[in-house]
Amino acid sequence: MKKNEFLMVLITSLWALANTLSAVFVNVYLYTYTGSLVVMTIYCMIRIAQFPMFFTIGGKWAQRNGYAYPLSTGVIVSMMSLMYVLFMNDRFAENSNLVYISALLVGIGEGFFWLSVNSLHQVVSTPDTRSRYLANIGIFNNISNIIAPIISTFIINNSVSDNAGYITIFKFVLVIYVIIVAAAFQVNVKGITKKFSVIRCMGIISDARWRRIMIMTFLYGMRDALVLTLAGLLVYNATDGSGGLYSKLLTVFALITIASYYFFSKRLKGRKMYGYFYIGAILMALSTIVLVLVPNIYGAIFYGVVNGIASPMYANPYQIIAMDVINEYNRENMTGRVIAKEIYLSIGRCTGMLCIVASSFILNPDIFLKVSVVFCSMFAIWTALYVHFTNDEVGH
């Protein structure tokens with residue numbers, strides 16, 4: 001790997017380490033106080049809904065000063081969100097609406113961070129190196145996902161309670177964030193000085209090639225809503241709220257995912273990539289459907305194993321297809337295209353989350369979760385079908 005690619009793998013793997021230690025456990029930590037999957041889904045909606053604004057602000061900032069500044073700001077705001085959670089502690093139990101302030105902070109931090117990272121992914125990789133580069137990110141992210149449960153299990157097992165352990169975990173994450181900020185300023189990529197218009201890039205009427213990618217991205221986001229909101233909490237529920245068992249399951253799932261990323265690292269190329277993509281989509285849909293229909297440890301294990309195997313088959317082809325098309329607009333500032341893509345992804349995710357929340361009000365409490373999860377899960381298959389039937393339309 002080149003230096004910039006190495007630094008990006010380092011940054012994303014450290015973020016994955018911090019994210020596995022914090023974001024998953026923040027959700028569980030907040031969930032133990034709110035006791036509501038609906039509140040946690042609204043929490044994620046607020047978080048994701050801010051991405052378009054802060055992607056755009058971050059993109060304009062990077063245009064003038066480079067990506068290190070919005071990236072670092074995103075990490076710093078993420079630190080602030082953890083400090084807020086630490087400070088509020090059991091106040092969440094008194095007023096569940098306080099979790100939405102945490103969502104605002106997390107959304108700002110992630111908006112700046114992911115704008116920078118996704119733009120840098122596009123810039124530091126090339127069509128020839130992209131498959132291997134994304135595989136390396138997947139492998140090292142999941143190595144982080146293995147290390148994180150080991151650390152968290154040790155901390156939780158040596159704490160007076162699971163919640164006390166989560167507080168110690170949050171403090172450890174702050175140190176990782178400091179390292180990420182230092183690494184961000186070592187990435188040698190300048191901001192692109194050409195102006196860009198997010199509104200223009202959002203347009204899909206006259207450009208069939210771009211329309212295909214944005215619709216694909218929206219459909220992908222509908223299923224992705226489950227990963228961001230319910231999947232982790234459903235696995236946690238399946239362990240009867242055992243933080244130690246939850247961490248052990250995450251370790252096993254990460255090992256399976258690493259093996260899968262390594263196996264597919266050189267296979268996701270050419271027309272063969274699409275075949276894997278279609279199989280991966282079916283498996284991804286099946287994993288979350290079984291998780292909600294079989295709400296016990298067996299459903300959780302099925303989800304983790306199948307999701308781990310299918311992740312590179314489904315996620316990497318989606319990213320490669322989108323990034324290769326964005327690369328075709330290299331005469332303009334591609335940041336606008338990256339932001340537009342992330343906005344369509346955010347719209348898809350928020351729509352999926354809205355379906356979950358709406359189901360909780362419309363349907364019987366005994367079935368709303370099953371109906372909404374199955375509905376959103378099927379969008380993995382709809383994504384694959386859309387890609388398949390529009391291949392000829394755009395000449396791929």
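Side-chain atoms are counted along with the backbone in the values below, which use heavy atoms only and exclude waters and symmetry mates.
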Does [X] count as lying over the ring of [Y], i.e. NZ or CZ under 6.0 Å from the six-ring centre, within 45 degrees of the axis?
| X | Y | value |
| --- | --- | --- |
| Arg212 | Tyr386 | no |
| Lys272 | Phe277 | no |
| Arg271 | Tyr274 | yes |

For the pair [X] (side chain) and [Y] (backbone), establish whether a donor and an acceptor sit closer than 3.5 Å, ignoring hydrogens and angles.
| X | Y | result |
| --- | --- | --- |
| Lys341 | Met323 | no |
| Asn158 | Phe154 | yes |
| Glu342 | Asn118 | no |
| Ser260 | Ile309 | yes |
| Arg223 | Met284 | yes |

Joint cluster assignment, [X] & [Y], ILVMFWY side-chain distance < 4.5 Å:
| X | Y | answer |
| --- | --- | --- |
| Ile204 | Ile199 | no |
| Ile11 | Ile76 | no |
| Val198 | Ile205 | no |
| Tyr278 | Phe389 | yes |
| Phe361 | Val374 | yes |

Exercise for review: Could you please spell out the steps behind the side chain to side chain contact (heavy atoms under 4.5 Å, CB included) verdict for Ser159 and Ile155?
Suggested key: CA-CA 6 Å; Ser159 301; Ile155 292 173; 4.0 Å; yes

[atom1]-[atom2] distance between [X] and [Y], expressed to the nearest 0.5 angstrom:
| X | Y | atom1 | atom2 | value |
| --- | --- | --- | --- | --- |
| Met79 | Ile180 | CE | CD1 | 8.0 Å |
| Met53 | Ile339 | CE | CD1 | 13.0 Å |
| Asp207 | Met214 | CG | CE | 10.0 Å |
| Met83 | Ser78 | CE | OG | 12.5 Å |
| Cys44 | Ile356 | SG | CD1 | 9.0 Å |
| Cys350 | Met222 | SG | CE | 11.0 Å |

Could you tell me if the side chain of [Y] sits less than 4.5 Å from the side chain of [X], heavy atoms only?
| X | Y | value |
| --- | --- | --- |
| Trp382 | Met216 | no |
| Ile176 | Leu21 | yes |
| Ile215 | Arg211 | yes |
| His121 | Thr12 | yes |
| Leu14 | Ser144 | no |
| Ile326 | Trp210 | yes |
| Ile297 | Leu249 | yes |
| Met8 | Tyr133 | yes |

Distance-only donor-acceptor check, side chains [X] and [Y], under 3.5 Å:
| X | Y | value |
| --- | --- | --- |
| Asn136 | Tyr262 | no |
| Thr335 | Tyr67 | yes |
| Arg349 | Tyr220 | no |
| Ser359 | Ser372 | no |

Which atoms form the tightest heavy-atom contact between [X] and [Y], and what is the distance?
| X | Y | answer |
| --- | --- | --- |
| Val181 | Phe185 | O-CD1, 3.3 Å |
| Ser102 | Tyr84 | N-CE2, 3.6 Å |
| Val373 | Ser377 | O-OG, 2.6 Å |
| Ala281 | Ile381 | O-CG1, 4.1 Å |
| Gly138 | Asn142 | O-ND2, 2.7 Å |
| Leu71 | Ser116 | N-OG, 3.2 Å |

Please check if the number of heavy atoms outside [X] that lie under 6.0 Å from its [atom1] is greater than 12.
| X | atom1 | answer |
| --- | --- | --- |
| Arg331 | CZ | no |
| Phe302 | CZ | yes |
| Lys370 | NZ | no |
| Phe172 | CZ | no |

query = What about Trp114 and Phe55, are their ring centers closer than 6.0 Å?
reply =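 Not close enough - the centres of the two rings lie 6.0 Å or further apart.
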
Note to self: Measuring centre to centre across the rings, with the benzene-like ring taken for any Trp, is Tyr276 within less than 6.0 Å of Phe264?
What the structure shows: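 Centroid separation for Tyr276 and Phe264: below 6.0 Å.
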
message: Does the plane of the ring in Trp15 sit parallel, tilted or perpendicular to the ring in Tyr177? Use 30° and 60° as the thresholds.
response: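 Trp15 and Tyr177: tilted rings.
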
Can you name the one residue among Thr383, Thr217, Asp224 that meets side chain to side chain contact (heavy atoms under 4.5 Å, CB included) with Tyr318?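 Among the candidates, only Thr217 passes.
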
**OP:** Please step through side chain to side chain contact (heavy atoms under 4.5 Å, CB included) for the pair Leu385 and His388, ending with a clear verdict.
**Re:** CA-CA 5 Å; Leu385 288 174; His388 175 71; 5.5 Å; no

Given Phe54, Tyr69, Phe51, the one that forms ring-ring contact (aromatic ring centres under 6.0 Å, His included) with Phe112
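In the set Phe54, Tyr69, Phe51, the residue that makes a ring-ring contact (aromatic ring centres under 6.0 Å, His included) with Phe112 is Phe54.
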
Review point. Given the rule in the side chain to side chain contact (heavy atoms under 4.5 Å, CB included) test, do Leu283 and Tyr314 qualify, once you have shown the distances and angles that lead to the verdict?
Key: CA-CA 9 Å; Leu283 293 176; Tyr314 180 64; over 6 Å; no

Item to complete: Apply side chain to side chain contact (heavy atoms under 4.5 Å, CB included) to Asn327 and Arg130, showing your working.
Response: CA-CA 11 Å; Asn327 208 63; Arg130 194 155 288 150; 3.8 Å; yes

